[in-house]
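To start, the structure under review is shown below, and the notes come after it.
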Amino acid sequence: MLDAKLVRSNPEEVAALLLKKGYQFPVAQFTELESQRREMQMATENLQNERNTRSKSIGKAKAAGEDIQPLLAEVADLGSQLDAAKARLNDVTAALDDLLSGVPNIPDSSVPEGADENDNVELRRWGTPAEFDFTPLDHVALGEKSGELDFETAAKLTGSRFSVLTGKLARMHRALIQFMLNTQTEEHGYTETYVPYMVNEDSLRGTGQLPKFGEDLFKVPFGERQYYLIPTAEVPVTNFVRDEIIDPERLPLKFTAHTPCFRSEAGASGKDTRGMIRQHQFEKVEMVQVVEPSRSWEALEEMTGHAEAILQKLNLPYRVVALCGGDLGFSAAKTHDIEVWLPGQNTYREISSVSNMTDFQARRLLARWRNPETGKPELVHTLNGSGLAVGRTLLAIMENYQTAEGRIRVPEALIPYMGGVTEL
RNA sequence: GGAGGGAUGGCUGAGUGGUCGAAAGCACUGGUCUUGAAAACCAGCGGUCCGAGAGGGCCCUAGGGUUCGAAUCCCUAUCCCUCCGCCA
């Protein structure tokens, strides 16, 4: 959520900044609601003040043994006036909150202009795509050959956009998770966590998936309530700090978690239907940092490096792009995507996304730290990034490490995790 | 699933329907003392919203209710603890 004060004092300026994201901020509607809110808040508070003052004097009179009947008569209709005022105020603040919670984060000034992924800006490339003296297959064809990647069985068990892995391929999938977690914890200083795969609405509100993006989530009815399967570990892990005031010496908080992620892919029918690029269920190792505001841009670079390190160790060629305004997510002020080279598709595809949410999530979360300079609780900045998406890493290895016989060599770094196996 | 008990500021913890936004302690900040530190002593010290300010509102898990007035009484929900049952 954006800072209401900021929006209030410079609505036009905020609207102009949000245009970069392709978002039209309804300035007139906001200003109108805001002036109503102010008027009603003052009216309500005046009534409350009067009620408090009078009630107090009744208490005094009673204590002094005076007759309080005349005083009671004077306040007879104050209650109903107050109720009416409160109801009007509630309506307006609810409308205002609705409006404001649908407004995305303001993109950083360094974010490139642009409408969609075609306008993203490449920052750097690492590694050289391998030359094959045969026509490289994509991971679906490779999986069919070995029989270890099976979409038909998955469709029988559940439906489309699921996969079944078996044998050594399943093991490599597991090996990747261990490898990523070990790297993030042992080399990059993250604390490993294990978290719920279902969360409540408050958590999703805190990180910004709700109220706007509920249709992307799998819902789980639970008694009278509703839980949601997590779309990313960002949700449970970032919510660690909801309603917390964090001691400055504890910052930065650096957490990593391996979780499955569940996405309905509601708006993506027909997109990436082949293979395991876009699934309803996939594994991801996530990095989350909670930092003091002055450090968040530094942390974005650092975390991008932490994701890149995995690809470098696996010797997978990739490039890093800065997302343009139109391609940025709702809560992000800036995002780096890391795209891995896929020979089977002859293109780079997203394998990690690292974002600085600045104080946007922290405001909804009420995640604060006590700034030693002011002594006051102030909002922290939150960041998250994949380190990495496991399924996509697996298929990148399949395609980049394939042999003419359609087998898959095991990347050096993974051999210890594979019990010494060097080829599948 | 059943029976009880609880939830109060950064933490621990008192609180009789009416000067209660809330005792006390810890922690923290400033000061006195000291070469310096510790100890001791003194003082300060919740959050949030509106307002230029003066000031005012709201917040004692959450949501309802009773009342002129609720941290305090009633209802519901959530979470935690104890015991019984069941269970990977």
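Just so it is clear: chains get the letters A, B, ... in the order the sequence lines come, proteins before strands, and each one is counted from 1.
- Here the separation of B:rU61 from B:rG47, taken at their C1' atoms, is 16 Å to the nearest Å.
- Salt bridge annotation for A:E39-A:R88: absent, with no cationic side-chain nitrogen under 4.0 angstrom from a carboxylate oxygen.
- We find that CD of A:E244 is positioned 14 Å from C1' of B:rG9, with the value rounded to whole Å.
- Checked against the 6.0 Å centroid criterion, the rings of A:F218 and A:H280 qualify as a close aromatic pair.
- A:S294 is linked by a side chain to side chain contact (heavy atoms under 4.5 Å, CB included) to A:E292, counting only residues two or more places apart in sequence or in another chain.
- Atom CG of A:D116 and atom CG of A:D327 lie 7.0 Å apart (nearest 0.5 Å).
- Remark: the separation of the C1' atoms in B:rG17 and B:rC11 is 29 Å, to the nearest Å.
- A salt bridge does not link A:R392 with A:E339: every distance from a Lys NZ or Arg NE/NH1/NH2 to an Asp or Glu carboxylate oxygen is 4.0 Å or more.
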- Starting at the 5' end of nucleotides 43-61 of chain B, put B wherever the base has a protein heavy atom under 4.0 Å, S where only the sugar-phosphate does, and a dash everywhere else. ----SSSSS----BSS---
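- Nucleotides B:rG64 and B:rA54, compared at atom P, are 32 Å apart to the nearest Å.
- Remark: the separation of the C1' atoms in B:rG9 and B:rG21 is 9 Å, to the nearest Å.
- Take A:S35 and apply the side chain to side chain contact (heavy atoms under 4.5 Å, CB included) test, not counting sequence neighbours, and it matches A:E32.
- Between the P atoms of B:rG6 and B:rG57, the separation comes to 33 Å (whole Å).
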Do any side-chain atoms of residues 188-195 of chain A form donor-acceptor pairs under 3.5 angstrom with protein atoms, and if so which ones, sequence neighbours left out?
| unit_1 | atom_1 | unit_2 | atom_2 | d |
| --- | --- | --- | --- | --- |
| A:H188 | ND1 | A:Q184 | OE1 | 2.6 |
| A:Y190 | OH | A:Q289 | NE2 | 3.0 |
| A:Y190 | OH | A:H306 | ND1 | 2.8 |
| A:T193 | OG1 | A:T256 | O | 3.0 |

- Per-nucleotide protein contact string for nucleotides 73-81 of chain B, where B marks a base within reach and S marks sugar-phosphate only (heavy atoms under 4.0 Å, - for neither): -----SS--
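- In this structure, A:E215 places its CD atom where more than 12 heavy-atom neighbours from other residues, nucleotides or ligands lie under 6.0 Å away.
- The pairing partner recorded for B:rG46 is B:rC59, the criterion being a Watson-Crick or G-U wobble arrangement whose two distances lie under 3.5 angstrom.
- Across every strand in view, B:rG36 sits unpaired, with no contact that passes the Watson-Crick or G-U test at under 3.5 angstrom.
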Write down the protein N/O and nucleotide N/O pairs, taken from nucleotides 15-19 of chain B, whose separation is under 3.5 Å; answer none if there are no such pairs.
| unit_1 | atom_1 | unit_2 | atom_2 | d |
| --- | --- | --- | --- | --- |
| B:rG18 | O6 | A:K62 | NZ | 3.2 |
| B:rG18 | N2 | A:S55 | O | 2.7 |

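- B:rC73 sits 30 Å from B:rG25 when the C1' atoms are compared, rounded to a whole Å.
- Considering only residues two or more places apart in sequence or on other chains, A:T382 meets the side chain to side chain donor-acceptor pair (under 3.5 Å) condition with A:Q361.
- The C1' atoms of B:rG18 and B:rU67 are separated by 12 Å, rounded to the nearest whole Å.
- For RNA chain B, none of the residues of residues 194-207 of chain A falls under the heavy-atom distance limit of 4.0 Å.
- Taking A:R407 as the reference, A:T403, A:E405, A:E423 meet the side chain to side chain contact (heavy atoms under 4.5 Å, CB included) condition, with sequence neighbours excluded.
- One C1' atom belongs to B:rU72, the other to B:rC20, and the distance between them is 11 Å to the nearest Å.
- Atom C1' of nucleotide B:rA27 and atom CD1 of A:I246 are separated by 18 Å, given to the nearest angstrom.
- With a cut-off of 3.5 Å on both Watson-Crick or G-U wobble distances, the partner of B:rU19 is given as none.
- In the model, A:S203 has a side-chain atom that pairs as donor or acceptor with a side-chain atom of A:N200 under 3.5 Å.
- The distance between the ring centers of A:Y197 and A:F262 does not fall below 6.0 angstrom.
- In a base pair of the Watson-Crick type (N1 to N3 plus N6-O4 or O6-N4) or a G-U wobble (N1-O2 and O6-N3), with each distance short of 3.5 Å, B:rU82 is matched with B:rA3.
- In this entry the distance linking NZ of A:K86 with P of B:rG63 reads 12 Å, nearest Å.
- Look at B:rC73: its Watson-Crick or wobble partner, with both distances under 3.5 angstrom, is B:rG65.
- Listed by chain and residue number, A:A367, A:L379, A:V380 satisfy the side chain to side chain contact (heavy atoms under 4.5 Å, CB included) test with A:A362 (two or more places apart in sequence, or in another chain).
- A:T304 pairs by the side chain to side chain donor-acceptor pair (under 3.5 Å) definition with A:H336, not counting sequence neighbours.
- Scanning for salt bridge (charged side-chain N to carboxylate O under 4.0 Å, His left out) contacts around A:R37 gives A:E34, with sequence neighbours left out.
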